[in-house]
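Keep in mind the model is a prediction, meaning the values are calculated, not measured. Along the sequence shown, residues carry numbers from 1.
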Amino acid sequence: MNRVAGVFHSVAAQYDLMNDLMSFGIHRVWKQITIESSGVRRGARVLDLAGGTGDLAAAFAKRVGDEGQVVLADINDAMLSVGRDKLADTGSYNRIRWVQADAEKLPFEDKSFECVTIAFGLRNVTRKEAALESIYRVLKPGGRLLVLEFSKPLSPALEMIYDRYSFDLLPKMGQWVTGDAESYRYLAESIRKHPDQDTLRSMMETAGFNSVSYTNLTGGVVALHKGFRFDS
C-alpha cells in the first residue's frame with residue numbers, strides 16, 4: 001500500500017490529463033455508463049470510493065441534490081487535495097464530503113449508503129476481499145456496488161495490443177507528461193494482476209453481494225461489475 005500511495009502522490013497533479021491521454025478520452029464514456037447504471041436519485045447518499053479527483057463524485061452530487069450527500073473517499077491525501085481544488089468553484093462542491101480512508105477498513109456506519117462506486121481503484125487495494133466485505137457492510141439493503149475497472153480483453157489479438165501499449169507506450173507517456181515513467185509501469189503491472197471478469201464476480205459473491213453481473217466495455221479492456229445487498 002505504501003508503494004501505491006507513492007505512485008499517486010507522484011502523479012496526482014497530472015492525473016486527469018493522463019487519464020484523457022491514456023484512454024483517448026474514452027474513460028469519460030466508461031464513467032458516464034457507470035453513473036447511468038447507478039440508479040442514484042435525489043436525496044440518496046453515495047460513497048465514491050478511491051474517488052481520486054472527483055469525476056464521479058461531481059456527477060453524483062448533481063443527481064442527489066441538496067437533500068442527498070456524496071462522500072468522496074480516497075486513501076491518498078494528494079488526490080483529495082487536487083479534487084478539492086478542481087471542484088472548488090462548482091455547484092457540486094458543497095454536496096461532497098471529503099474523507100481520507102482505507103477501502104479495507106471504511107470509517108462509516110453500517111448500512112449508510114444507497115450506492116457505492118469504485119472506479120479504477122480496486123486493483124490498487126492490497127486485500128480486495130477485505131475491501132469488498134467493508135463495502136458490503138456500509139451498503140443499505142437494496143443498495144448496489146459498481147466496480148469500474150480494467151479487465152481482461154476478450155480477444156487474444158486485442159490483449160496482445162493492449163499489453164504492448166500498457167508496458168511499452170504507457171510508461172513513456174508517463175515520463176513525458178509527469179516525469180515519472182516508473183509509476184505508470186507500476187499501473188500497467190497492477191492492471192495485469194487484477195482479477196479477470198469472472199474471478200471478480202465470484203469475489204463479490206463471496207463477500208455477500210447478490211445478483212452480481214458485469215458488462216464488458218471496449219472489448220473487455222474495462223468491465224463494469226454490479227452487485228446488490230438484498231438482506232434486511
Side-chain angles (χ1 to χ4, degrees), residues 1 3-38 48-53 55-56 59 74 76 79 82 103 117-126 128 131-132 145-204 212-227:
M1 188 58 71
R3 184 182 183 188
V4 174
V7 166
F8 286 97
H9 271 289
S10 174
V11 305
Q14 301 295 334
Y15 183 77
D16 287 334
L17 174 59
M18 278 298 295
N19 278 347
D20 281 329
L21 292 174
M22 287 188 302
S23 71
F24 306 101
I26 302 174
H27 76 99
R28 299 180 185 276
V29 177
W30 298 331
K31 290 173 182 175
Q32 186 59 39
I33 292 171
T34 303
I35 293 162
E36 296 297 334
S37 300
S38 70
D48 181 23
L49 187 56
T53 58
D55 284 350
L56 287 180
D74 201 293
N76 189 281
M79 296 293 287
V82 171
T117 58
I118 179 167
F120 306 113
L122 186 61
R123 73 181 187 279
N124 296 309
V125 176
T126 303
K128 295 174 179 60
L132 291 171
L145 164 65
L146 295 168
V147 180
L148 181 66
E149 188 55 87
F150 293 108
S151 200
K152 184 176 177 59
L154 299 180
S155 76
L158 180 57
E159 185 172 22
M160 182 179 66
I161 294 169
Y162 182 51
D163 275 355
R164 180 67 59 87
Y165 169 76
S166 298
F167 287 96
D168 293 347
L169 296 182
L170 187 56
K172 293 177 182 177
M173 192 183 302
Q175 180 63 40
W176 174 54
V177 176
T178 71
D180 184 355
E182 186 58 32
S183 288
Y184 285 92
R185 191 170 291 110
Y186 160 75
L187 292 177
E189 292 169 355
S190 73
I191 291 169
R192 173 174 277 181
K193 293 176 181 178
H194 186 68
D196 64 19
Q197 290 92 323
D198 290 325
T199 302
L200 180 54
R201 178 173 59 185
S202 296
M203 291 170 66
M204 291 173 65
V212 180
S213 63
Y214 63 82
T215 301
N216 286 307
L217 305 173
T218 317
V221 168
V222 166
L224 176 61
H225 282 71
K226 182 191 301 184

Exercise for the section: Examine distances only and state if a side-chain atom of Q197 and a backbone atom of Y214 form a donor-acceptor pair shorter than 3.5 Å. Expected result: no
Exercise for the section: Give, for atom NZ of K31 and atom CG of L146, the distance between the pair rounded to the nearest 0.5 Å. Expected result: 14.5 Å
Practice task
Locate the shortest heavy-atom distance separating S151 from P195; write the atom from each residue and the value.
Solution key: OG-O, 4.4 Å
Practice task
Could you tell me whether the side chain of K193 and the main chain of S190 form a donor-acceptor pair under 3.5 Å?
Solution key: no
Exercise for the section: From the options L49, V212, L200, select the one residue that forms a side-chain contact (heavy atoms from CB on, under 4.5 Å) with V147. Expected result: L200
Fill in the blank from the handout: Residue set satisfying salt bridge (Lys or Arg N to Asp or Glu O under 4.0 Å) with D198, at least two apart, ordered chain then number -> R201
Handout entry: Residue list, side chain to side chain donor-acceptor pair (under 3.5 Å) with K152, at least two apart or on another chain
Key = E159
Handout entry: Value rounded to 0.5 Å, distance of CG in L148 from CD1 in I35
Key = 10.0 Å
Handout entry: Distance in Å, I118 CD1 paired with T34 OG1, rounded so as to fall on 0.5 Å steps
Key = 12.0 Å
Handout entry: S155 side chain to L158 backbone, donor-acceptor under 3.5 Å
Key = yes
Practice task
Taking atom types as modelled, find out whether S166 and D163 have a side-chain donor-acceptor pair closer than 3.5 angstrom.
Solution key: no
Problem - Non-hydrogen side-chain atoms of M204 and K226 separated by less than 4.5 Å - result: no
Completion exercise
Residues P153 and Y162: closest non-hydrogen pair is CG-CD2, 3.7 Å
Handout entry: Worked verdict on H27 versus D55 for side chain to side chain contact (heavy atoms under 4.5 Å, CB included)
Key = CA-CA 10 Å; H27 76 99; D55 284 350; 3.9 Å; yes
Practice task
Over all heavy atoms of both residues, which pair between R123 and F150 is shortest? Give the atoms and the distance, please.
Solution key: NH1-CD1, 3.6 Å
Fill in the blank from the handout: In this structure, CZ of R28 is separated from CD of Q32 (nearest 0.5 Å) by 11.0 Å
Problem - Residue list, side-chain contact (heavy atoms from CB on, under 4.5 Å) with I33, at least two apart or on another chain - result: V29, S37, L217, L224
Exercise for the section: Kindly indicate whether the side chain of L122, heavy atoms from C-beta on, has any atom under 4.5 Å from the side chain of K128. Expected result: yes
Practice task
Mark yes or no for whether D74, through its side chain, and G52, through its backbone, hold a donor-acceptor pair below 3.5 Å.
Solution key: yes
Handout entry: Exam field: side chain N216 to backbone G219, donor-acceptor pair closer than 3.5 Å
Key = no
Completion exercise
When rounded to the nearest 0.5 Å, the distance separating CG of L145 from OG1 of T117 is 8.5 Å
